[in-house]
**Q** 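First the structure, which I've put down as structure tokens, then a few questions once you've had a look.
It should be emphasised that the depicted structure is a prediction, and the values quoted were computed from it without experimental measurement. Atoms considered below: every heavy atom in the structure, side chains included; atoms not considered: hydrogens, waters and symmetry mates. Every number for a ligand or one of its atoms is a count from 1 in the order of the listing.
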Amino acid sequence: MLSNIRIVLIGTTHPGNIGAVARAMKNMCLKQLVLVSPRIFPSAEATARASGADDLLANALVCGTLERAIEGCRLVVGASARLRTVEWPRLEPRACAEKLVAECRGGADVALLFGRESSGLSNAELDRCHYLVHIPANPEFSSLNLSQAVQVLGYELHIAELALQQASVGEDKVTPGGLVTADIMESFFRHLQQTMEDIGFSNPRQSDKLQRRLRRLFLRARPDRDEINILRGILSAAQGRKSMRRN
Ligand code: SAH
């Protein structure tokens with residue numbers, strides 16, 4: 001999904017930084033590199049610093065204007081080394097990554113802009129952004145190396161994407177077929193209560209509070225049918241042992 005995210009480098013001076021950005025991107029599963037008016041590109045230094053991520057360099061789009069770089073993008077975020085005096089809608093790196101990834105999942109193209117080594121992004125470039133993102137750093141020394149800024153924000157994007165992937169694996173588990181209905185849950189709770197009484201763990205008078213806590217625990221877990229069957233199997237086994245001892 002991260003393939004809809006464009007990492008746009010504007011006016012990069014050092015080709016080594018471009019290569020290092022490609023490497024940072026590939027580490028974090030980002031694919032689309034866009035270079036707006038790089039001073040030197042392509043270059044052997046960029047390729048050397050990419051150390052194996054030269055496919056990203058080969059596929060990079062090189063263009064002359066920011067307009068071209070962000071054409072078709074629904075969301076544009078600018079990475080800024082300084083907290084500007086001008087009030088601009090701002091996102092923390094984590095929230096920024098979540099927003100970009102969510103937009104991508106919705107099918108949109110999005111862009112994250114990075115400025116020049118010497119002067120960052122111009123005000124005119126910031127005007128193109130919906131939000132600014134700033135990596136919290138030492139207030140006296142807040143400017144990261146370009147590729148390291150890409151690395152930090154790329155990491156957040158990767159983590160946000162992984163979290164969404166895991167959430168959808170969880171959703172699969174609760175497909176209508178696997179969902180246990182309220183009545184199955186209720187008969188499980190009755191079975192649980194009965195077993196607790198049978199094995200002498202609790203008696204009917206004192207068990208209300210305990211039952212409520214256990215209900216909360218199992219309802220929070222949202223077990224599926226197989227899991228309920230396993231739990232009921234354990235309860236039946238416990239009841240069986242108890243009655244075996246009685247006999
Ligand atoms: N001297 C420039 C900083 C350039 S660093 C300035 O003061 O603006 C090159 C680029 O890396 C920046 O334009 C920005 O896109 C990114 N960057 C560096 N440090 C950052 C930080 N702390 N937060 C967000 N982006 C940062």
**Q** Honestly curious: do Leu30 and Leu9 fall in one hydrophobic cluster under the side-chain, below-4.5 Å linking rule?
**A** yes

**Q** Which of the numbered atoms in ligand 1 are under 4.0 angstrom from any heavy atom belonging to Ser143?
**A** 3 (C), 4 (C), 5 (S), 19 (N)

**Q** Which of the numbered atoms in ligand 1 are under 4.0 angstrom from any heavy atom belonging to Arg116?
**A** 4 (C), 9 (C)

**Q** Could you list which atoms of ligand 1 come closer than 4.0 Å to a heavy atom of Ser118?
**A** 1 (N), 2 (C)

**Q** Show which atoms of ligand 1 fall inside a sub-4.0 Å distance from at least one heavy-atom site of Gly120.
**A** 2 (C), 8 (O), 13 (O)

**Q** Indicate yes or no for a side-chain donor-acceptor contact from Asn4 to the backbone of Ala108 under 3.5 Å, with no hydrogens or angles considered.
**A** yes

**Q** Below 3.5 Å, N or O to N or O, backbone or side chain included: is there any such pair between Leu146 and ligand 1?
**A** no

**Q** How does Pro136 reach ligand 1, if at all, at less than 4.0 Å between non-hydrogen atoms: by side chain, backbone, both, or neither?
**A** neither

**Q** At under 4.0 Å between heavy atoms, is it the side chain or the backbone of Val133 that contacts ligand 1, or both, or neither?
**A** backbone

**Q** Using a cut-off of 6.0 Å, state whether more than 12 heavy atoms not belonging to Glu186 lie near its atom CD.
**A** yes

**Q** Once you round to the nearest 0.5 Å, how far does CG of Leu231 lie from CG of Leu192?
**A** 8.5 Å

**Q** Is there any salt bridge (Lys or Arg N to Asp or Glu O under 4.0 Å) pair reaching into residues 37-49, and which pairs are they, with sequence neighbours excluded?
**A** none

**Q** Under a 4.0 Å heavy-atom limit, does Ala149 contact ligand 1 with its side chain, its backbone, both, or neither?
**A** side chain

**Q** Provide the number and element of each atom of ligand 1 under 4.0 Å from a heavy atom of Gly115.
**A** 9 (C), 10 (C), 12 (C), 13 (O), 15 (O)

**Q** Any side-chain heavy-atom pair from Leu112 and Leu157 closer than 4.5 angstrom?
**A** yes

**Q** Compile the donor-acceptor pairs under 3.5 Å between side chains in residues 66-77 and protein atoms, sequence neighbours left out, one pair per line.
**A**
residue, atom, partner, partner atom, Å
Glu67, OE2, Arg128, NH1, 3.4
Glu67, OE2, Arg128, NH2, 2.4

**Q** Quick one: pull up CZ in Arg212 and CZ in Phe189 and give me the separation to the nearest 0.5 Å.
**A** 12.0 Å

**Q** Using a 4.0 Å cut-off to any heavy atom of Ser142, which atoms of ligand 1 qualify?
**A** 19 (N), 21 (C), 22 (N)

**Q** Please say whether Asn145 places an N or O atom under 3.5 Å from an N or O atom belonging to ligand 1.
**A** no

